Amino acid sequence: MSTRPLHAVESLADDLRAWLPGQRWFAAKGTELGEVLIERAVMLTDDDPALLHAVIDVDGERYQLLIGVRDDPPEHLAHTVIGKLGESYAYDATQDGELMGRLLDLMAIGADQGGIHWTTEPDVELVTGLRARPIGVEQSNTSIVFGYHYILKLFRRPGPRPNRDVELHRALHRVGSAQVAEPMAVIEDDELVYGFAQRYLADAAEGWATATASVRDLLAEGDLHAGEVGGDFAGESFRLGMAVAQVHADLAATLGTELVSPDRLTEAVEVMHGRLDAVTAEVPELAEFEPMLRAAFDEVRHLRESQPIQQIHGDLHLGQVLRTATGWVLIDFEGEPAALATDRAKTRSPLRDVAGMLRSFDYAAFALLGADDDHQRTTRATEWSDRNRASFCEGYASVAGADPRDQAVLLRAFELDKAVYEVAYEHRNRPDWVRVPLTALRRT
Ligand SMILES: Nc1ncnc2c1ncn2[C@@H]1O[C@H](COP(=O)(O)OP(=O)(O)O)[C@@H](O)[C@H]1O
Ligand SMILES: O=P(O)(O)O[C@H]1O[C@H](CO)[C@@H](O[C@H]2O[C@H](CO)[C@@H](O)[C@H](O)[C@H]2O)[C@H](O)[C@H]1O
């Protein structure tokens with residue numbers, strides 16, 4: 001490929017404007033797109049297929065692109081084509097196993113190319129020549145699995161170093177945590193972090209899939225209770241509570257914890273009100289819950305006890321936990337996708353993670369129900385949610401020594417704040433699902 005990389009990506013700007021809104025990781029869906037500005041572009045391999053690395057800016061948001069260029073893309077890549085570059089086709093290279101294999105080669109040799117550094121973690125030696133395949137699920141980022149060995153997450157919205165996901169994995173791995181996957185390599189330049197490879201947990205099942213399988217079981221057996229059907233999840237919820245408490249204890253031990261006075265909680269209350277203002281302006285259906293939400297947030301102002309804060313997961317839900325043969329593992333310590341990097345880096349109450357997971361049990365229970373489901377199914381879903389939420393808290397308490405439910409006012413406020421966040425998240429990403437957090441607020 002002879003064209004200069006910057007020029008090549010610039011000439012694709014119009015095609016990118018049409019292609020970006022269809023990508024799950026693209027944040028500004030549903031709004032009129034501004035100009036696509038090319039911040040930087042380098043050629044990682046120059047043959048056919050060629051691989052271009054680019055960072056673009058769309059309306060002040062930065063995105064990472066990996067663009068493959070082929071004269072004649074095979075049939076299985078046809079759906080990934082972005083546009084034409086001269087006589088060649090430009091396409092989403094993350095879907096091309098051959099080009100992703102080149103990324104693994106660059107990682108394995110610790111390459112330094114076009115200002116981008118591929119660095120393995122101390123004592124890690126990577127195996128190459130593995131089959132590369134993108135994982136099927138559409139997420140905030142794009143992940144590539146290499147054989148049964150590694151998973152590389154390409155951050156679609158690369159942020160400045162240090163990257164929270166990388167740093168918290170490293171910190172937990174250093175203290176021998178069994179609840180995270182081993183960090184393997186990082187792709188970054190002097191400013192931004194582009195990718196993070198970890199050990200691939202090939203035997204793992206996703207928390208969301210296993211939890212919703214249990215709910216499905218229960219809904220199919222209309223006359224049985226949650227503890228009586230084959231797929232009862234309460235034991236798993238208990239173990240998950242233990243795992244989360246252990247991660248909190250390890251993060252506190254290695255990165256520290258502090259007690260903050262009740263005045264600092266007042267700041268958190270203002271932030272929750274601020275989020276509610278912003279989300280209500282975007283999703284008017286939230287307005288009917290405003291008095292209830294504001295009252296619950298304001299209850300926090302009356303708390304008189306100091307509260308511990310520390311590094312936490314920051315966006316914990318059933319999609320962020322994997323069940324391996326040996327226990328639960330937490331993944332994706334990036335924090336909430338929409339939050340500013342400075343806010344994600346802050347120490348926070350571990351009850352935030354507990355609240356996230358409690359919301360998730362509720363999500364799993366009700367996501368399978370339609371908008372007008374009958375009383376029987378709604379009762380069963382409520383039962384599943386109550387049973388697993390309780391089990392999770394009991395598991396957490398068995399490790400932490402204190403039951404999160406004892407902090408009822410704070411926990412309720414954090415859960416409601418998370419539901420407000422979810423309303424905004426679903427509104428932007430999966431409009432059909434806005435009903436899930438809204439129905440939860442209606443039941444509160
Ligand atoms: N270490 C791992 N082993 C096996 N699968 C993993 C691992 N890390 C992530 N995954 C899978 O990749 C998916 C996306 O990972 P995640 O870090 O949550 O990315 P995103 O930020 O895009 O949500 C997860 O839902 C899980 O299925
Ligand atoms: O996994 P991400 O960091 O991208 O998290 C975002 O997307 C999640 C959905 O994929 C979203 O989670 C919400 O839906 C989940 C089911 O799909 C459910 O388990 C969560 O409880 C619910 O919040 C998450 O909020 C968002 O940040």
Side-chain angles (χ1 to χ4, degrees), residues 23-27 64 94 133-159 163-166 168-169 172-173 179-185 195-212 215 240 279 313-325 328-339 344 352-368 385 388-389 392 414-415 417-430 432-437 440:
Q23 310 310 306
R24 165 77 186 268
W25 43 263
F26 186 67
Q64 168 178 211
T94 63
R133 57 190 192 281
I135 57 161
V137 284
E138 284 277 308
Q139 303 274 352
S140 314
N141 297 294
T142 300
S143 293
I144 315 294
V145 173
F146 297 99
Y148 291 101
H149 297 57
Y150 319 117
I151 179 164
L152 168 66
K153 171 151 68 170
L154 294 164
F155 296 109
R156 283 303 188 165
R157 298 170 79 186
N163 173 288
R164 189 168 190 270
D165 199 16
V166 175
L168 294 191
H169 270 95
L172 286 163
H173 183 63
Q179 282 81 35
V180 288
E182 184 187 351
M184 308 298 286
F196 177 35
Q198 286 174 268
R199 167 118 21 238
Y200 180 59
L201 306 170
D203 68 340
E206 274 186 38
W208 175 257
T210 49
T212 47
V215 177
L240 182 54
V279 181
H313 180 280
D315 187 24
L316 195 59
H317 58 85
L318 284 161
Q320 309 280 41
V321 293
L322 301 176
R323 178 68 163 97
T324 71
W328 286 100
V329 166
L330 276 55
I331 57 170
D332 193 359
F333 285 72
E334 282 180 87
E336 287 176 356
R344 297 187 200 189
R352 291 270 186 187
D353 280 348
V354 173
M357 198 50 92
L358 294 182
R359 282 288 313 123
S360 205
F361 284 118
D362 202 66
Y363 242 78
F366 285 91
L368 300 183
S385 174
N388 287 285
R389 286 161 57 95
F392 175 84
F414 288 163
E415 252 203 89
D417 181 46
K418 189 75 189 181
V420 172
Y421 164 81
E422 288 166 345
V423 169
Y425 178 86
E426 302 299 0
H427 176 71
R428 285 179 206 152
N429 295 285
R430 302 183 293 197
D432 288 352
W433 283 46
V434 179
R435 66 174 169 81
V436 179

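Order of appearance sets the numbers: ligands from 1, and atoms from 1 within every ligand. We use all heavy atoms of the structure for the numbers below, so side chains are in, but hydrogens, waters and symmetry mates are not. Remember, it's a predicted structure, so these values are computed and weren't measured experimentally.
Polar contact check, W433 against ligand 2: no nitrogen or oxygen pair lies under 3.5 Å apart. The N/O atoms of E206, backbone and side chain alike, include one that comes under 3.5 Å of an N/O atom in ligand 1. Residue Y363 places no N or O, backbone or side chain, under 3.5 Å from any N or O of ligand 2. For the pair R359 and ligand 2, the shortest N or O to N or O distance does not fall below 3.5 Å.
Between the CZ atom of F392 and the CZ atom of R389 there is a distance of 10.5 Å, given to the nearest 0.5 Å. With rounding to the nearest 0.5 angstrom, the OH atom of Y363 is 14.5 Å from the CG atom of L358. Rounded to the nearest 0.5 Å, atoms CD (E415) and CZ (R359) are 6.5 Å apart. Taking CZ from R323 and CD from E206, the interatomic distance works out to 15.0 Å, rounded to the nearest 0.5 Å.
Under 4.0 Å from ligand 1, not a single heavy atom of T142 appears. Here A181 has side-chain heavy atoms under 4.0 Å from ligand 1, and that is the only part of it that gets that close. When heavy-atom distances to ligand 1 are checked against a 4.0 Å cut-off, K153 comes that close only through its side chain, counted from C-beta outward. With a heavy-atom cut-off of 4.0 Å, L322 touches ligand 1 through its side chain alone.
Close contacts between ligand 2 and S140 involve ligand atoms 2 (P), 4 (O) [criterion: under 4.0 Å to a heavy atom]. For ligand 2, the atoms lying closer than 4.0 Å to a non-hydrogen atom of Q320 are 1 (O), 2 (P), 3 (O). Distances below 4.0 Å separate heavy atoms of E334 from the following atoms of ligand 1: 21 (O). Interface of S140 with ligand 1, defined as ligand atoms under 4.0 Å from a residue heavy atom, comprises 22 (O). Interface of D332 with ligand 2, defined as ligand atoms under 4.0 Å from a residue heavy atom, comprises 3 (O). With ligand atoms numbered from 1 in the order given, ligand 2 contributes 16 (C), 18 (C), 19 (O) to contacts under 4.0 Å with heavy atoms of W208. Near Y421, meaning under 4.0 Å from one of its heavy atoms, ligand 2 places the atoms 25 (O), 26 (C), 27 (O). Under a 4.0 Å criterion applied to the non-hydrogen atoms of Q320, ligand 1 contributes the atoms 18 (O). Atoms of ligand 1 found under 4.0 Å from any heavy atom of Y200, numbered from 1 in the order shown, are 3 (N), 4 (C), 5 (N).
For E336, the closest heavy-atom approach to ligand 2 does not fall below 4.0 Å. At least one heavy atom of R24 lies less than 4.0 angstrom from ligand 2.
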Quiz item: E336 and K418: salt bridge (Lys or Arg N to Asp or Glu O under 4.0 Å), yes or no, with the steps?
Solution: CA-CA 10 Å; E336 287 176 356; K418 189 75 189 181; 3.4 Å; yes
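Remark: side-chain polar atoms of H313 are not paired, donor with acceptor, to backbone N or O of R352 under 3.5 angstrom. One N or O on the side chain of H169 and one on the backbone of D165 form a donor-acceptor pair closer than 3.5 Å.
Using modelled atom types, one finds a donor on one side chain and an acceptor on the other under 3.5 Å when comparing S385 with D362. Judged by distance alone, the side chains of R156 and T142 do bring a donor and an acceptor atom under 3.5 Å apart.
Considering D165, L330, L201 only, the shortest heavy-atom separation from atom 3 (N) of ligand 1 involves L201. Comparing heavy-atom distances from atom 23 (O) of ligand 2 across E422, M357, H317 singles out E422 as nearest. Taking only non-hydrogen atoms, the option from L152, I331, I151 nearest to atom 6 (C) of ligand 1 is I151.
Applying the side chain to side chain contact (heavy atoms under 4.5 Å, CB included) criterion to A197, with sequence neighbours excluded, gives M107, L152, M184, A185. Partners of S360 under the side chain to side chain contact (heavy atoms under 4.5 Å, CB included) rule, at least two apart in sequence or in another chain, are H317, L318, M357.
Taking the centre and axis of the six-membered ring of Y148, the NZ or CZ atom of R133 falls inside the cone set by 45° and 6.0 Å.
The side-chain heavy atoms of E334 and D315, taken from C-beta on, include no pair separated by under 4.5 Å.
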